[in-house]
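Report on the following structure.
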Amino acid sequence: MAQIPWNQRVWRLVNRIPEGRVASYGQIARLLGEPRKARHVGYALAATPPGLIIPWQRVVNGQGRISFPEHSEKYRRQRGKLEDEGVEFSESGRINLRLFGWQPEG
DNA sequence: CTCTTGACCCGAA
DNA sequence: CTTCGGGCCAAGA
């Protein structure tokens with residue numbers, strides 16, 4: 001289990017999130033059996049090598065919000081990608097996780 | 001060694 | 001809806 005480095009485990013799992021769906025940092029951490037490492041999921045994504053293509057945009061925080069300052073370039077890029085794949089945002093910039101949250105299995 | 005910094009989370013007001 | 005407080009832990013200064 002600990003054979004594979006944390007970052008790689010995160011990238012692999014994130015890679016399984018289907019288009020049009022999102023997962024939270026905490027959810028990813030829990031699925032990896034490390035419920036206390038929610039923030040480190042974010043660090044892993046931040047450390048993604050330029051060559052590695054993964055759907056990092058499908059990871060948001062537990063409230064269904066993008067974890068970047070609202071007017072930042074990063075925020076707009078992530079939101080744009082998600083909207084392109086059909087994810088909807090409320091007026092307050094929130095995603096309804098009941099509708100768009102990823103449930104492994106389902 | 002201690003302090004600070006985060007793509008976080010959760011419960012209680 | 002918001003704010004506050006506490007918890008978490010790796011990495012860098």
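Lettering of chains follows the sequences in order, A, B, ..., and the numbering in each one begins at 1. Only this structure's heavy atoms are used, side chains among them; waters, hydrogens and symmetry mates stay out.
- If you chain together hydrophobic residues whose side chains sit under 4.5 Å apart, A:V60 and A:L13 never meet in one group.
- Both cation-pi conditions hold for A:R79 and A:F89: the charged atom is under 6.0 angstrom from the six-membered ring centre and inside a 45 degree cone around its axis.
- Contact annotation for A:R94: backbone-only contact, meaning every heavy-atom pair under 4.0 Å involves sugar-phosphate atoms and none involves a base.
- When side chains are defined from C-beta on, A:R58 counts as touching A:E85, because their heavy atoms get closer than 4.5 Å.
- The distance between atom NE2 of A:H40 and atom P of B:dA7, rounded to the nearest whole Å, is 12 Å.
- Distance A:R39 CZ to B:dT4 P: 15 Å, rounded to the nearest Å.
- Going from the C1' atom of B:dA7 to that of C:dG5 covers 22 Å, rounded to whole Å.
- Among the heavy atoms of the strands lying under 4.0 Å from A:R30 are primed sugar atoms or P, OP1, OP2 only; no base atom is included.
- Between the CD atom of A:Q27 and the C1' atom of B:dC10 there is a distance of 16 Å, rounded to whole Å.
- Taking the side chain of A:F68 as heavy atoms from C-beta on, and the options C:dA10, B:dA7, C:dG7, the nearest nucleotide is B:dA7.
- Comparing C:dG7, B:dC9, C:dA10 by their closest approach to the side chain of A:N61 singles out B:dC9.
- As a whole-Å value, the separation of A:L97 CG from B:dC8 P is 15 Å.
- In this structure, CZ of A:R36 is placed 11 Å from C1' of C:dG7, rounded to the nearest angstrom.
- In this entry the distance linking NZ of A:K37 with P of B:dC8 reads 17 Å, nearest Å.
- Residue A:S24 places its side chain closer to B:dC9 than to any other of C:dA10, B:dC9, C:dG7.
- The distance from atom CG of A:L32 to atom P of C:dA10 is 15 Å, rounded to the nearest whole Å.
- A:W6 comes within contact range of no nucleotide atom at all, as no heavy-atom separation falls under 4.0 Å.
- A:R21 places a side-chain N or O within donor-acceptor distance of the main-chain N or O of A:G101, the cut-off being under 3.5 Å.
- A donor-acceptor pair under 3.5 Å links the side-chain atoms of A:W11 to the main chain of A:A44, judged by distance alone.
- Here the nucleotide nearest the side chain of A:Y25, chosen from C:dA10, C:dG7, B:dC9, is B:dC9.
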